[in-house]
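Quick notes on the structure that follows.
Count residues from 1 along the sequence. Keep in mind the model is a prediction, meaning the values are calculated, not measured.
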Amino acid sequence: MQISALPQYKSRQNNGTSFKATRLFPVNLCEKATKKIIPAFFTEIKKTEDLPEIETITRRWHRLDIEAYAKRFFDSFRERHPSAFKNNFFAIEIDSAEKPFTERVTTLIKTYMNCGYRELGILQTDPELYKGFGAGEVAMYSIVKTAGDASQIFLTSTNHGFYRKIGFRELPIEALEKMERYFFLPRAEFGSFTKRVAQKYGMKNE
């Protein structure tokens, strides 16, 4: 399904700031301890509109144990020179009028097209507020859902157990960086993957 074909939702403007880009579709997170469903949105963020908001989030994440990932995302997002790849930047944002903006954003994501497949460049969830909410799995669901005509989803990661658990395949070769492994999901499995995750989190898989 192409991103442009998805239903459009206006961004919530409250608590001082919010992403200005249009939300793509609703998703759900689930608090592991209570099984409570948390409504959220998957949003594509734009360099021309959302740089101040990304800077605000980066400042908050700077004091957590993900400083390097936050800086890497921010530096990539504000890059002024054309990239060899077409980068896409996304976020998962809790649908809440009560929480301040920096506490509504659970996840930042960067992907790009490479040789016909969609590659995951960065996937980082706020570990202080949203550990155990399924944000990583829902992020991968959203990436697959917006993969367009990509032949597969591809990534390298040191988080081997997570990607094995959610059903990604592992290439039986060592990655360039120590402790990293290659993972992928072929296009033939996109439908079954999104169906399973949607059922798990009570989402409409449209």
Side-chain angles (χ1 to χ4, degrees), residues 1-9 21-29 40-47 50 54 69 72-73 75-77 79 81-93 106-125 134-201 203-206:
M1 183 178 292
Q2 298 285 352
I3 291 175
S4 60
L6 293 168
Q8 302 294 293
Y9 300 85
T22 303
R23 292 167 168 177
L24 298 180
F25 50 82
V27 294
N28 289 334
L29 304 181
F41 279 90
F42 185 69
T43 300
E44 184 173 19
I45 49 182
K46 303 289 188 180
K47 290 184 180 182
D50 293 312
I54 292 299
Y69 289 98
R72 180 180 164 202
F73 186 92
D75 288 347
S76 181
F77 189 76
E79 178 61 56
H81 303 293
S83 170
F85 304 102
K86 183 184 184 300
N87 295 322
N88 295 99
F89 299 92
F90 304 95
I92 293 179
E93 181 184 357
T106 73
T107 312
L108 294 175
I109 304 152
K110 170 188 170 182
T111 71
Y112 51 90
M113 288 298 292
N114 184 6
C115 300
Y117 54 83
R118 174 69 62 181
E119 184 160 350
L120 176 64
I122 299 172
L123 170 59
Q124 182 59 56
T125 293
E137 187 170 21
V138 172
M140 295 309 298
Y141 159 87
S142 302
I143 291 168
V144 173
K145 190 177 170 79
T146 55
D149 58 358
S151 62
Q152 62 179 297
I153 307 296
F154 180 82
L155 62 102
T156 60
S157 177
T158 59
N159 194 358
H160 312 152
F162 168 72
Y163 289 103
R164 291 167 184 155
K165 182 179 179 180
I166 67 172
F168 270 58
R169 299 188 183 192
E170 183 176 355
L171 288 175
I173 56 176
E174 291 187 4
L176 296 178
E177 297 295 329
K178 186 177 180 181
M179 299 301 295
E180 287 191 341
R181 294 290 184 273
Y182 295 116
F183 293 90
F184 72 102
L185 186 74
R187 183 174 183 82
E189 297 176 16
F190 284 8
S192 59
F193 178 83
T194 56
K195 181 180 179 181
R196 179 184 58 77
V197 178
Q199 289 176 342
K200 180 177 179 179
Y201 292 91
M203 300 183 293
K204 293 183 178 179
N205 188 32
E206 299 174 341

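- Using modelled atom types, one finds no donor on one side chain facing an acceptor on the other under 3.5 Å when comparing Thr106 with Thr125.
- Judged by distance alone, with hydrogens and angles left aside, the side-chain atoms of Arg181 form no donor-acceptor pair with the main-chain N or O of Leu171 at under 3.5 Å.
- Proximity of a side-chain donor or acceptor of Thr43 to a complementary backbone N or O of Ile45 within less than 3.5 Å is not detected.
- Separation of atoms CG (Leu155) and CD1 (Ile122) is listed at 13.0 Å; rounding is to 0.5 Å.
- Residues Gly136 and Leu123 come closest through the heavy atom pair O-CD2, 4.2 Å.
- Partners of Phe42 by ring-ring contact (aromatic ring centres under 6.0 Å, His included), not counting sequence neighbours, listed by chain and number: Phe25, Phe90.
- Closest non-hydrogen pair, Ile109 versus Ala139, comes out as CD1-CB, 3.7 Å.
- Summarising the geometry, atom CD belonging to Glu170 is positioned 4.0 Å from atom CZ belonging to Arg164; distances are rounded to the nearest 0.5 Å.
- Lys145 approaches Lys204 most closely through the heavy-atom pair NZ-O, 4.4 Å.
- Taken from CD1 in Ile143 to CZ in Arg118, the straight-line distance is 9.0 Å, to the nearest 0.5 Å.
- The salt bridge (charged side-chain N to carboxylate O under 4.0 Å, His left out) pairs that include a residue from residues 135-144 are Glu137-Arg196, Glu137-Lys200, where partners are two or more places apart or lie in different chains.
- Separation of atoms CG (Leu24) and CZ (Phe41) is listed at 10.5 Å; rounding is to 0.5 Å.
- In this structure Glu119 satisfies the side-chain contact (heavy atoms from CB on, under 4.5 Å) test together with Tyr112, Asn114, Tyr117, Phe154, sequence neighbours excluded.
- Using a 4.5 Å heavy-atom threshold, the side chains of Ile153 and Met140 count as touching.
- Annotation: Phe162 is not in aromatic contact with Phe168 [ring centroid separation under 6.0 Å not met].
- Across every non-hydrogen atom of Val197 and Met203, the tightest pair is O-CE, 3.9 Å.
- Atoms CZ and OG1, from Phe184 and Thr156 in turn, are 14.5 Å apart once rounded to the nearest 0.5 Å.
- Scanning both residues, Glu189 and Gly167, for their nearest heavy atoms gives OE1-O, 4.5 Å.
- Residues Leu120 and Lys110 share a closest heavy-atom pair of CD1-O, 3.6 Å.
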